[in-house]
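First the structure, in the form of structure tokens, and then the observations on it.
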Amino acid sequence: MNGLQAGVWYAIAAEHDLPKDHVYRTMLGGHELAAWRSTDGGVHVWEDRCPHRGVRFSLGEVVGDELRCQYHAWRFGKTGACTFIPAQPDLKVPRTIHAAVWPVALSAGLVWSGIEPIGAPPALPPGAVLRAIPIARPAASVAHALVKEPLAGLALVLQPLDETATIVRGIALDDDLVRADHALLALRRRLEQAA
Ligand code: FES
């Protein structure tokens with residue numbers, strides 16, 4: 001299914017992509033996801049679709065420990081449960097009104113999610129998390145190229161966006177961040193030109 005394997009953790013964002021009050025939009029294996037951070041620093045990853053009328057949560061707003069949908073301002077708590085419907089302020093919201101919540105883990109400066117991931121995210125060496133580089137190639141092609149020609153000085157993780165595109169995130173293993181960033185851009189050029 002779109003390059004996604006069940007049981008695997010995938011990096012879907014860097015922790016620095018999720019400052020306070022920001023809802024981060026991304027994709028994983030064709031699934032649109034919204035990630036946000038509550039006031040306790042916890043990160044939440046949900047299907048990017050409000051259960052009311054399907055509006056993207058990533059258009060919404062973080063209000064304290066809740067995410068407020070942009071359209072009718074329904075509010076959802078950290079568990080994904082709807083907590084308040086402004087048009088019916090006295091209603092005890094049914095527990096069935098719930099965001100589709102994805103697993104989440106924080107590790108190595110990255111936010112990880114996946115379909116029923118097993119265990120902990122992969123251990124990565126310490127280093128600076130570089131900017132995400134989208135590449136218009138399937139994750140399998142990117143992985144194959146990296147096996148054939150590994151990039152020195154970098155640990156890499158792949159986020160399959162859908163069947164056609166991948167985000168590559170690098171962790172620089174030395175202080176030369178510019179060289180590491182250029183190496184990722186060169187990888188993108190090489191793979192996209194070869195397509
Ligand atoms: S679509 Fe989200 S509250 Fe209506």
Side-chain angles (χ1 to χ4, degrees), residues 1-107 109-118 121 129 131-136 138-139 157-169:
M1 85 180 91
N2 296 334
L4 260 202
Q5 291 176 41
V8 174
W9 286 105
Y10 294 93
I12 61 150
E15 283 211 56
H16 60 235
D17 292 327
L18 294 171
K20 189 170 167 289
D21 296 339
H22 176 66
V23 188
Y24 180 83
R25 180 182 172 202
T26 191
M27 283 182 73
L28 183 63
H31 298 271
E32 297 190 10
L33 301 178
W36 61 283
R37 194 186 286 276
S38 45
T39 53
D40 59 5
V43 172
H44 314 281
V45 177
W46 297 353
E47 199 89 34
D48 194 8
R49 196 159 299 284
C50 174
H52 182 213
R53 294 282 174 81
V55 169
R56 287 196 173 110
F57 274 130
S58 54
L59 298 172
E61 189 180 0
V62 178
V63 182
D65 279 340
E66 296 186 318
L67 188 59
R68 182 167 62 199
C69 179
Q70 167 77 5
Y71 198 3
H72 305 98
W74 288 20
R75 297 207 305 251
F76 297 81
K78 292 187 285 185
T79 64
C82 182
T83 57
F84 185 65
I85 297 177
Q88 298 167 275
D90 298 326
L91 177 75
K92 184 171 182 322
V93 180
R95 285 172 17 175
T96 49
I97 303 179
H98 212 283
V101 174
W102 281 56
V104 63
L106 305 181
S107 177
L110 297 166
V111 179
W112 302 79
S113 191
I115 296 175
E116 299 177 7
I118 296 167
V129 177
R131 64 176 168 153
I133 303 292
I135 298 181
V157 288
L158 306 185
Q159 174 186 356
L161 295 175
D162 56 21
E163 292 165 332
T164 64
T166 306
I167 283 179
V168 179
R169 284 191 179 79

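Just so it is clear, the model here is predicted, and its values are computed rather than measured. Whatever order the structure lists ligands and atoms in, that order sets their numbers, starting from 1.
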Task: Enumerated ligand 1 atoms positioned under 4.0 Å from heavy atoms of Trp74 - done: 3 (S)
Task: Within reach of ligand 1, part of Tyr71 (heavy-atom separation under 4.0 Å) - done: side chain
Task: Element-labelled atoms of ligand 1 that are located less than 4.0 Å from some non-hydrogen atom of Cys69 - done: 1 (S), 2 (Fe), 3 (S)
TODO: List the closest protein heavy-atom neighbour of atom 1 (S) of ligand 1: residue, atom name, distance to the nearest 0.1 Å.
DONE: Arg53 N, 3.3 Å
- [ ] Output the distance between atom CG (Asp48) and atom CZ (Arg25), rounded to the nearest 0.5 Å.
- [x] 6.5 Å
Task: Subset of ligand 1 atoms that lie under 4.0 Å from at least one heavy atom of Cys50 - done: 1 (S), 2 (Fe), 3 (S)
Open item on the list: Please report, to 10°, the angle around atom 4 (Fe) of ligand 1 from atom ND1 (His72) across to atom ND1 (His52).
Closed with: 90°
Task: Heavy-atom pair of closest approach, residues Ala35 and Val45 - done: CB-CG2, 4.1 Å
TODO: Please say which of Leu110, Val168, Ile167 ends up in a side-chain contact (heavy atoms from CB on, under 4.5 Å) with Gln159.
DONE: Ile167
TODO: Measure across Thr166 and Ala139 and return the closest heavy-atom pair with its distance rounded to 0.1 Å.
DONE: OG1-N, 2.9 Å
Task: Glu32 side, atom CD; Thr26 side, atom OG1 - distance, nearest 0.5 Å - done: 10.0 Å
